[in-house]
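Heads up, the thing below is written out as structure tokens.
By convention in this document, chain letters (A, B, ...) are assigned in the order of the sequence lines, proteins followed by strands, and residues within each chain are numbered from 1.
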Amino acid sequence: MQTTINIQAYKRAFALATLTFFIIWAIIAIGVHLPAKSLYAPPGSPERINGAPLNWWMIQISIALGVILAFAYAYTINSIDERYGIKA
Amino acid sequence: MAMDPIAVGFLVASIVAYMIIAYRAKAETAEEFYVAARRVSPVRNGMATAADWMSGASFISMAGAVAALGYDASVFLIGWSLSYVLLAMTIAPFLRSYGKYTIPDFFEDRYYSKTARLFAVIMLYVVSLTYLTAQLLGVGIVLSRAFGLPATVMTLVAPLIVLLYSSFGGMKSITWTQVAQYIVLITAYWIPIILLTQLWNPIPHIAYGQHVEKVDEIVYNLKEHAWTEPFWRPYASGTGQLNWLMSTIALMLGTMGLPHVLMRFYTVPSVRDARKSVAWALFFISLLYLTAPVYAALAGEKEYALQTIFANHVKAEAANFAGRPIDEVQRYFSENLPKWAEQEVVRTQAGEVKVGGDWVRKWMDAGLIKVVVTDANNNGVFDPDKDSISLSIHKDIAVLGLPDMYGLGAVIASIILVGGISAALSTADGLILAMTTGATRDIYKTFINPRATDKEELRVARLSMIAIAFISGMLAYAMAANPRIGAYIAKTVAWAFVFAASTLTPAMLLGLHWKRTTKEGAIAGMIAGLAVALPYVVLVSLGYMSPISIAGQKIGTIAWGVIGFLVNLIVTVVVSLVTTPPPRQVQELVERIRVPAAAEAAAAKAEARAAGGE
């Protein structure tokens, strides 16, 4: 049946997209904070950016990227839905 | 402490507005009561979810936690926001696709037993009551600031306010009030930052780095560790980077199992809207979470400079008080502190910090800034070698006190109070509703009177709402009366996350994604998770047990949520594999929710609808 093949392909596309997004998420949410100690620079050090060390800025960058990621995920999966004619 | 007429005025006005909104949107049918007739747009649901999610603790204490913990507070900032991406990928759309009314509904259907529903209701109550008690405590504390009455009394008033507007009706009216409450809380949070014009270069969230630099230097001089330096402070009884990692993951897992948040995703029209709605929710949440560090640096600069001035005076003058009564020492430093704060400046390489005396005086009068003198040998006499003099600054001052610190005036300070109350109320709304639906649909309608009409169901819902508000009010009162438990709101909120992560989250994840999960597995997993989480969290945080160390790093109570989650996961999988597989239609349903309303599954879905009573 034609629809069955479509559904298998849909599931593959869905799984691939979700896995990709999960890996990006893990980097943004956890990965960038693991080297926090190396990103840190003591007060007065020239490695600081606009007054704060990079590990500090990473907190806000991580949240902001998370917002973008959530929209990108919704957009990607919803267009996969559309491509395979899934009405939800 | 005197009543703050501006704050009270704003408060009464906002509560009347919530009542009008709730009344106009009141639920007429059970469908509207439980899921707002599934007609809430993704943006609106995102806003309501953000309000539901961001508690009084987020609004009032989050920035204070960042001010106190510096970099290490990233546990809360990251754990409580990035979790939403995970929620979008693993739970929210699938739950919407499954198409039930409440989380216990899902449990009964997926785990094909009423016992599973009962367990889910119990877990829902454990999680929500912990969380709600903390909310009411938060409302009580802020109300007591506004009205000048004791916090213990105000914790009892808080649930009555929620009842004033939420008893009208269910999810439909709560969705609208939460949207209004979100707008109030985010406006209140942003106003002080917008008014500080020196921060608009280019935007406050970048420009505040100059303040971070000052805080860092001042903290470094006080403690030999900088504010932004990672992993040197203990929190929730834990220490080190491993504890940071485990705590962050535990808060994320907990978020994914909070029934009052999950049930919001039943209200959107479609699965696609559920995905969009999670993204909007995270966007609205980030507007506060990205601003909390700005508050923390601005307030931290003044607070740590005050600590520095205080420490200098103690160092220079403590010896003069040898042999004097403790009270006299305490009085001397208390009386002079505002004057010193007014006259002296703290110099850093990034510029000098003026503390200012008025806000110090105001919050000393309110009892949130205190000079503490210890009496080591209990003789009432000060001994400079044994006794210490320290300054205690309550962390809520970072938000509540910021308008005073930067001279923004009384009106702005009152707006902040109203924002804090809106944040706590909007979360209390959602929690009370989650427990009410638990009592009505999951206990009354399932176990007591399955043939109840819509009207009877709604009446039971309203009555149970009143009972729940009353019980949680009493619990919050008990907490407010016991300062040892009541002092640290964020910690109690974090308990709820540990319980959710150890009970509901694994059962949701496995139930939605692994069709082999059996009812025996899920129930055994939830019991095991709770049995592992509850004793540790309670005993360690109350000080009856010392935390376990791994590689010299203490595993705190929040971090323990990961252990509870893993134990639950393993027990569920093992027990599922040795018990009879779930019935065929359940397994098929788990397959089907992956491909929502596909052409092939259309007929099957109609069947599921008939069976599920949708």
Side-chain angles (χ1 to χ4, degrees), chain A residues 1-4 6-7 10-11 14-15 17-19 21-22 24-26 28-30 32-37 39-44 48-60 62-78 81-82 84-88, chain B residues 70-71 73-74 77-78 81-86 88-90 93 96-97 205-214 216-217 220 226 228-231 241 244-245 248-249 252 270-272 275-283 286 289-290 293 297 348-350 594-601:
Chain A
M1 218 162 75
Q2 187 60 35
T3 43
T4 319
N6 272 344
I7 281 167
Y10 167 77
K11 279 188 177 171
F14 186 102
T18 304
L19 188 69
F21 273 94
F22 180 79
I24 301 173
W25 172 84
I28 289 175
I30 306 283
V32 297
H33 304 292
L34 290 180
K37 270 184 185 161
L39 297 179
Y40 168 73
R48 292 190 152 224
I49 301 156
N50 189 29
L54 192 54
N55 66 321
W56 181 265
W57 292 118
M58 273 304 169
I59 302 174
Q60 279 162 295
S62 179
I63 297 172
L65 289 178
V67 176
I68 297 168
L69 194 69
F71 277 105
Y73 179 76
Y75 177 80
T76 310
I77 299 291
N78 288 353
D81 272 11
E82 243 159 69
Y84 288 89
I86 306 255
K87 290 183 196 72
Chain B
Y71 177 81
S74 54
L77 291 169
I78 292 162
S81 57
L82 271 294
S83 50
Y84 274 77
V85 185
L86 221 46
M89 290 192 284
T90 57
R96 178 63 190 82
S97 182
H205 301 78
I206 294 172
Y208 86 108
Q210 308 306 325
H211 292 270
V212 175
E213 191 159 31
K214 288 187 200 165
D216 248 2
E217 200 182 321
Y220 188 82
T228 55
E229 192 182 330
F231 317 131
Q241 184 163 18
W244 180 91
L245 184 63
T248 307
I249 296 174
M252 289 172 178
S270 71
V271 177
R272 277 187 217 177
R275 291 186 196 111
K276 281 189 222 158
S277 189
V278 180
W280 281 110
L282 181 54
F283 169 73
S286 76
Y289 278 35
L290 290 171
T348 71
Q349 283 165 6
R594 240 134 283 281
V595 189
E600 187 197 48

Distance, nearest 0.5 Å, that separates [atom1] of [X] from [atom2] of [Y]:
X: A:Gln60; Y: B:Ser286; atom1: CD; atom2: OG; result: 11.0 Å
X: B:Leu86; Y: A:Phe22; atom1: CG; atom2: CZ; result: 6.0 Å
X: B:Arg275; Y: A:Thr76; atom1: CZ; atom2: OG1; result: 10.5 Å

Name the region of A:Tyr75, side chain, backbone, both or neither, that has any atom closer than 4.5 Å to a heavy atom of chain B. neither
Need one label for A:Phe71: side chain, backbone, both or neither, based on atoms under 4.5 Å from any heavy atom in chain B. both
Give the ring-plane orientation class for B:Trp244 versus A:His33, where under 30° counts as parallel, over 60° as perpendicular and anything between as tilted. tilted
Residues in side chain to side chain donor-acceptor pair (under 3.5 Å) contact with B:Arg594, at least two apart in sequence or another chain: B:His513
Residues which pass side chain to side chain donor-acceptor pair (under 3.5 Å) with B:Gln241, listed by chain and number, not counting sequence neighbours: none
Would A:Tyr40 and B:Tyr71 count as a side chain to side chain contact (heavy atoms under 4.5 Å, CB included) if you check the C-alpha gap in whole Å, the side-chain angles of each, and the deciding distance to 0.1 Å? CA-CA 10 Å; A:Tyr40 168 73; B:Tyr71 177 81; over 6 Å; no
Between B:Glu229 and A:Lys37, does any side-chain N to carboxylate O distance fall below 4.0 Å? no
Ranking A:Asn55, A:Ile68, A:Ile49 by heavy-atom pairs under 4.5 Å to chain B gives rank one to A:Asn55
Only pairs of heavy atoms separated by less than 4.5 Å count here; which of A:Leu39, A:Leu65, A:Leu69, A:Leu34 has the most with chain B? A:Leu34
Under the 3.5 angstrom rule, does the side chain of A:Asn50 hit a backbone N or O of B:Gln210 as a donor-acceptor pair? no
Judged by atom type as modelled, is there a donor-acceptor pair below 3.5 Å linking the side chain of A:Trp25 to the main-chain atoms of B:Leu82? yes
B:Tyr208/A:Trp57 under ring-ring contact (aromatic ring centres under 6.0 Å, His included): CA gap, chis, key distance, verdict: CA-CA 11 Å; B:Tyr208 86 108; A:Trp57 292 118; 5.6 Å; yes
